[in-house]
Amino acid sequence: MASGRASEGANTEDGARVENGTRAENGTHVEDGTAAGTAPASSAVAAADAAGPASGETVRIDSWIWSVRLVKTRSMGATACRGGHVRVNGERVKPAYSVRVGDEVRLRHAGHERIVVVKRLIRKRVGAPVAIQCYVDNSPPPPPREAVAPAGVRDRGAGRPTKRDRREMERLRGVGGPGDAS
């Protein structure tokens, strides 16, 4: 350690500068929590690189779909794989299948199908902006919601609906009762 250092900054054993308890990975000067000369987009890339596997390692499909936030938990990803809801390049896969860059992953989840192409392998769950950079989304747009006027909405202060009003609301909703003669 250097003996004549300033009170707010210090040099470490490897010569990197420490400011207010933070240090840049590459040893550059740090003031606001980001390394000098970097942009917020590059910090997202750095986070994805840090979450990725070491060179030569693979990533399980259940772990990858959890990491890029396609499913809520890793066990839900494994269950989807076992149930046949996950396909890689058109084939059903088991949870331990090793995914590679360029693979097309199809996931049926919550009533619709997600189709993504793997751009980057990560094994740790990351923030949504970083996760989006790890795949290309080729999913079809969700079906449009039907514009249906809410049936049975009554004016405030109109009181309790009468039997006639109730039957009219049920007819509008398409719900038939036991004595419904249509």
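Remember, predicted model here, so these are calculated numbers, not experimental data.
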- Residues passing the side-chain contact (heavy atoms from CB on, under 4.5 Å) test with Arg82, sequence neighbours excluded, are Ala78, Thr79, Pro95
- Please, which pairs that meet side-chain hydrogen bond (donor to acceptor under 3.5 Å, both in side chains) have at least one residue in residues 84-93, sequence neighbours excluded? His85-Arg108, Asn89-Asp103
- Output all residues satisfying side-chain contact (heavy atoms from CB on, under 4.5 Å) with Arg171, sequence neighbours left out; order by chain, then residue number. Glu168
- Note on the structure: Shortest non-hydrogen pair, Ala131 vs Val126, comes out as N-CG2, 3.8 Å
- Message: Quick check: do Val86 and Val105 have side-chain heavy atoms less than 4.5 Å from each other?
- Response: yes
- State which residues pass side-chain contact (heavy atoms from CB on, under 4.5 Å) with Ser98; sequence neighbours excluded, sorted by chain then number. Thr58
- So, do His109 and Arg114 sit near enough that their side-chain heavy atoms are less than 4.5 Å apart? no
- Task: Considering non-hydrogen atoms only, spot the tightest contact between Ala128 and Arg69 and give its length.
- Result: N-NE, 3.6 Å
- Verdict with reasoning, Trp64 to Val88, per side chain to side chain contact (heavy atoms under 4.5 Å, CB included): CA-CA 12 Å; Trp64 187 82; Val88 177; over 6 Å; no
- Minimum-distance pair of heavy atoms, taken over all atoms of Pro140 and Glu113: CD-O, 4.0 Å
- Query: Is it the case that one hydrophobic cluster holds both Ile115 and Ile132, taking links as side-chain heavy atoms less than 4.5 Å apart, direct or via other members?
  - Reply: no
- residues 116-133 vs salt bridge (Lys or Arg N to Asp or Glu O under 4.0 Å), sequence neighbours excluded, gives Asp49-Arg120, Glu57-Arg123
- Query: Is the backbone of Ser63 close enough, under 3.5 Å, to the side chain of Ser67 for a donor and an acceptor to pair up by distance?
  - Reply: yes
- Message: Which residues pass the side-chain hydrogen bond (donor to acceptor under 3.5 Å, both in side chains) test with Asp155, not counting sequence neighbours?
- Response: none
- Should Val101 and Val117 be regarded as members of a common hydrophobic cluster, given that ILVMFWY residues are connected when their side-chain heavy atoms come within less than 4.5 Å of each other, either directly or indirectly? no
- Query: What's the spacing between Lys72 NZ and Ile65 CD1 if we round to 0.5 Å?
  - Reply: 15.0 Å
- Item | Over all atoms of both residues, closest heavy-atom pair of Leu121 and Val118 | CD2-CG1, 3.8 Å
- Note on the structure: With sequence neighbours left out, the residues meeting side-chain contact (heavy atoms from CB on, under 4.5 Å) with Pro161 are Arg154, Asp165, Met169
- Asp62 and Gly77 have their tightest heavy-atom pair at CB-C, 3.8 Å
